[in-house]
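In the text below, chain A, chain B and the rest are named by the order of the sequence lines, each starting its count at 1.
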2 protein chains.
Amino acid sequence: MKRHSSNKVTSHEVAALAGVSRSAVSRTFTEGASVSAKTREKVLNAAAELGYRPNALARSLIVRSTQMVGLVMAEWKNPFYTRMLRQFSERLQAEGYQLLLLTSNTETDVDDAVRRLLQYQVDGLLVVSAKPSEALARECANTGTPVVLVNRLAKKLQASSVTCDNAQIGRDTVEHLVAAGYQRLALVRGAPGVLTNIERSDAIRTALAAAPGAKLVADVTGYLGYDAGRQVVAELWNSAAPPDAIICSSDPTALGVLDGARIDLGIDVPEQLAVVGMGDIPQSGWGAYRLTTVHLPVDEMIDLAVADLLARLADPGLPPRPMIAHATLVNRDTVRSSHS
Amino acid sequence: MKRHSSNKVTSHEVAALAGVSRSAVSRTFTEGASVSAKTREKVLNAAAELGYRPNALARSLIVRSTQMVGLVMAEWKNPFYTRMLRQFSERLQAEGYQLLLLTSNTETDVDDAVRRLLQYQVDGLLVVSAKPSEALARECANTGTPVVLVNRLAKKLQASSVTCDNAQIGRDTVEHLVAAGYQRLALVRGAPGVLTNIERSDAIRTALAAAPGAKLVADVTGYLGYDAGRQVVAELWNSAAPPDAIICSSDPTALGVLDGARIDLGIDVPEQLAVVGMGDIPQSGWGAYRLTTVHLPVDEMIDLAVADLLARLADPGLPPRPMIAHATLVNRDTVRSSHS
DNA sequence: ATGAAAGCGCTAACAA
DNA sequence: TTGTTAGCGCTTTCAT
């Protein structure tokens with residue numbers, strides 16, 4: 001027999017209807033508080049009748065915990081990040097947390113996003129593909145808000161970070177390519193400043209230096225996504241020093257390069273040209289592509305990030321730490337397997 | 001000269017340091033309140049020194065507005081929804097709102113998600129690809145929380161909804177296929193109960209009834225995504241009544257069907273078999289696929305949803321309304337264009 | 001323009 | 001176990 005209540009119902013009204021105190025109401029809605037079965041029953045009935053739900057904000061104010069985790073997302077282009085978002089949401093939800101989501105388009109306003117999130121008293125902070133300023137990171141540390149950076153290294157930043165071993169990836173890729181007989185490598189990257197890419201390309205350079213006969217014939221930045229990839233391959237192919245292998249900083253880019261090479265340029269991949277991507281998004285495994293790419297250990301990264309965040313949420317004394325996940329090269333059909 | 005403050009700073013401490021009252025502090029941080037330039041200055045300095053940021057939760061409690069919009073996301077498989085999420089986040093953020101995100105895996109726990117969001121006093125609610133129970137929708141209405149359903153019709157539900165004209169899409173598709181000479185259509189859908197698909201398939205049936213010679217040879221449900229599509233095409237092709245056109249309820253499914261047909265079965269698409277998708281995700285336009293598909297007007301839907309939500313947030317008296325966006329068939333290479 | 005006082009809805013000590 | 005009291009951090013009348 002539900003009485004229609006208009007507007008918000010407070011514990012006060014429930015208490016009145018149930019003939020108990022507001023504390024009693026509070027207690028029935030608090031896990032493991034001491035209430036007699038009888039009062040509990042009365043309260044529950046009254047609450048149901050009025051359609052009462054405790055105000056989580058008011059509660060948060062006093063228990064000093066909002067059960068909200070802030071998430072700053074700076075990268076949307078890559079499907080890979082979407083997957084992260086979903087997983088984070090599900091995993092944290094399972095632990096009783098909600099995600100307060102903020103998007104940051106330019107690297108610069110990450111700070112704004114973090115600040116806003118902090119004002120909402122989030123219990124913790126996940127920052128994907130960006131990093132807050134040192135000042136702000138310190139502010140988080142001061143307020144005791146654990147932050148974990150995903151896909152960015154936290155150099156001296158009072159924050160945990162989960163990345164993958166980019167240098168290792170770079171070495172593996174070059175080694176594989178050279179062993180298969182490719183000699184003139186080209187790098188296609190997105191934004192010039194991205195650390196993970198820089199690390200990787202440095203490693204590639206180093207590995208290349210140790211490989212006799214092989215060299216880097218191009219290293220272009222500013223190309224990210226399918227369209228960019230499809231366009232850049234023509235430029236590279238028709239240049240003075242055409243590559244016989246192209247390493248891309250993301251799968252969509254690599255897929256664009258692949259289509260550009262095969263469809264627009266009539267190049268035989270992998271015989272005339274090798275293409276390797278980064279990420280291993282589902283589409284890369286699809287029949288029309290079968291892209292050889294670096295599998296980013298998304299799940300492992302998420303596991304690490306969530307575990308660390310949860311641990312530091314539970315015990316604020318825990319120190320932040322850097323974590324690295326391991327990427328592996330997955331061999332498909334865009335790199336030939338043996339020297340021909 | 002920033003003094004390092006450990007832990008949370010309140011307006012009280014700022015007031016003390018600035019030698020003013022807490023009201024003065026509040027006013028300097030409230031848009032358009034009357035404060036003298038002098039006090040304002042003092043407060044700002046003190047705030048900077050202590051690293052003070054107003055507590056948004058405490059503020060929300062009193063101004064009865066959290067500037068948070070709840071978003072429950074019930075569908076992640078399709079890249080199309082990711083795009084929505086991003087856009088919603090950016091648009092609402094631009095208007096000063098944050099997104100509180102909740103994921104709902106089974107249609108049933110949408111109610112739970114909504115309830116949780118309501119407890120957090122969200123100002124409004126966006127529900128993507130799911131709908132809350134009637135009881136809960138009424139609860140939202142009672143608390144004055146505007147709800148907009150995206151991709152679900154709000155039948156008698158005190159909520160706005162934005163959908164696209166599925167019946168029209170169904171008719172257009174059939175008409176196009178039949179005009180091109182295809183006669184034996186098959187439908188491949190995801191979860192059996194999804195209303196948009198039901199509407200569309202009903203329309204397809206009706207349109208087919210009016211087309212002499214053409215008929216529906218199969219209507220299978222439970223197939224969603226690339227892998228499912230790639231698998232189902234073989235079953236369909238080898239059945240007693242093989243289709244000469246397959247309509248899928250999502251692009252990834254259609255892409256799987258396409259690869260299955262061409263790669264696994266050696267079928268000539270579009271000569272022997274037509275494939276049409278739904279959604280028009282970026283991959284569908286990629287060179288290796290060039291899928292003929294229905295372009296879902298995502299941007300238009302988002303515009304409508306955001307505009308309606310914002311309007312009702314500003315004026316709670318506004319009634320909810322149903323909105324429909326218009327989808328169009330985009331012709332690419334998986335349906336032949338003329339009767340051959 | 002400013003401060004004092006009263007509360008937003010809730011929980012946590014403390015008594016009883 | 002229960003109710004009373006105090007107060008989380010903030011905004012907002014209401015006087016001044």
Side-chain angles (χ1 to χ4, degrees), chain A residues 5 7-44 46-47 50-68 116 118-123 143-145, chain B residues 5 7-44 46-47 50-68 116 118-123 143-145:
Chain A
S5 59
N7 247 315
K8 317 269 185 186
V9 186
T10 76
S11 69
H12 188 85
E13 306 164 49
V14 178
L17 183 71
V20 297
S21 74
R22 288 159 69 225
S23 321
V25 178
S26 171
R27 285 192 264 259
T28 52
F29 284 96
T30 305
E31 199 70 19
S34 65
V35 221
S36 71
K38 203 162 65 181
T39 12
R40 190 185 159 75
E41 172 96 16
K42 282 193 294 186
V43 171
L44 252 21
L50 298 174
Y52 169 75
R53 307 255 130 223
N55 182 327
L57 260 40
R59 166 166 229 279
S60 299
L61 201 54
I62 159 121
V63 300
R64 322 191 95 71
S65 156
T66 53
Q67 299 293 105
M68 295 194 297
R116 268 168 93 161
L118 246 24
Q119 289 189 225
Y120 276 87
Q121 316 299 115
V122 292
D123 291 344
T143 60
T145 312
Chain B
S5 59
N7 247 315
K8 318 268 186 187
V9 186
T10 75
S11 68
H12 188 83
E13 307 164 48
V14 178
L17 184 71
V20 297
S21 73
R22 289 158 68 227
S23 320
V25 177
S26 171
R27 284 192 263 258
T28 50
F29 284 96
T30 306
E31 200 70 19
S34 65
V35 221
S36 72
K38 201 163 64 180
T39 0
R40 192 185 158 73
E41 173 95 17
K42 283 193 292 186
V43 170
L44 252 22
L50 298 173
Y52 169 74
R53 306 256 131 222
N55 182 326
L57 260 39
R59 167 166 229 279
S60 298
L61 201 54
I62 161 123
V63 299
R64 319 192 99 71
S65 157
T66 54
Q67 298 294 102
M68 294 195 295
R116 269 168 92 162
L118 246 25
Q119 289 189 225
Y120 276 87
Q121 317 298 113
V122 291
D123 291 345
T143 60
T145 312

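- Here the closest non-hydrogen pair linking B:Tyr120 and A:Met68 is CE2-CG, 3.7 Å.
- Among the atoms of the strands shown, none is found under 4.0 Å from any heavy atom of A:Val25.
- For the atom pair B:Leu17 CG and B:Lys42 NZ, the distance stands at 11.0 Å (nearest 0.5 Å).
- On a pure distance criterion of 3.5 Å, no polar donor-acceptor pair joins the side chain of A:Arg64 and the base of D:dG9.
- As a whole-Å value, the separation of A:Gln119 CD from D:dG9 C1' is 13 Å.
- In this structure, A:Ser11 contributes its side chain and A:Arg22 its backbone to no donor-acceptor pair below 3.5 Å.
- Proximity of A:Ser23 to the phosphate of D:dT4: no side-chain N or O atom is located under 4.0 Å from OP1 or OP2.
- In this structure, A:Arg27 places its CZ atom 11 Å from P of D:dT4, rounding to the nearest Å.
- When the P atom is compared between D:dT2 and C:dG9, the two are found 25 Å apart, to the nearest whole Å.
- When heavy atoms are screened at a 4.0 angstrom cut-off, B:Tyr52 is found touching the sugar-phosphate backbone but no base atom.
- When atom types are taken as modelled, the side chain of B:Tyr52 and the backbone of B:Val43 share no donor-acceptor pair closer than 3.5 angstrom.
- Of all non-hydrogen atoms in A:Arg59 and A:Thr30, the two that sit nearest each other are NH2-CG2, 4.0 Å.
- In secondary-structure terms, DNA chain C builds stems of at least 3 consecutive Watson-Crick or G-U pairs, each pair having both distances under 3.5 Å, at C:1-11 with D:6-16, C:13-16 with D:1-4.
- The residue B:Ser34 sits close to a base: some heavy atom pair falls under 4.0 Å.
- Rounded to whole angstrom, the span from the OH atom of A:Tyr120 across to the C1' atom of D:dC10 amounts to 14 Å.
- Within 4.0 Å (heavy atoms only), B:Ser60 reaches no atom of the nucleic acid at all.
- Residues B:Glu13 and B:Lys8 approach most closely at OE2-O, 3.9 Å, considering heavy atoms.
- Atoms NE2 (B:His12) and P (D:dG7) sit 12 Å apart, rounded to a whole Å.
- The side-chain heavy atoms of B:Pro54 and A:Gln119, taken from C-beta on, include a pair separated by under 4.5 Å.
- Mapped onto DNA chain C by nearest heavy atom, B:Ala58 and B:Val20 fall at different nucleotides, with B:Val20 at the one closer to the 5' end.
- Straight-line distance from the CG atom of B:Leu61 to the P atom of D:dT12: 12 Å, rounded to whole Å.
- Rounded to an integer number of Å, the gap from CD of A:Glu41 to C1' of D:dT1 is 17 Å.
- Put simply, CG on A:Leu57 is 15 Å from C1' on D:dT11, counting in whole angstrom units.
- Atom C1' of nucleotide D:dC10 and atom NZ of B:Lys8 are separated by 15 Å, given to the nearest angstrom.
- Between A:Leu50 and A:Val9, the shortest heavy-atom contact is O-CG2, 3.3 Å.
- In this structure, CG in A:Leu57 is found 6.5 Å from OG1 in B:Thr66, a value given to the nearest 0.5 Å.
- A 4.5 Å side-chain heavy-atom check between A:Leu61 and B:Asn55 finds at least one atom pair inside the cut-off.
- The side chain of A:Ser36 approaches D:dT2 more closely than any other nucleotide in the set D:dA6, D:dC10, D:dT2.
- Bounding nucleotides for the chain B contact on DNA chain C, 5' to 3', at a heavy-atom distance below 4.0 Å, are C:dA1 to C:dG9.
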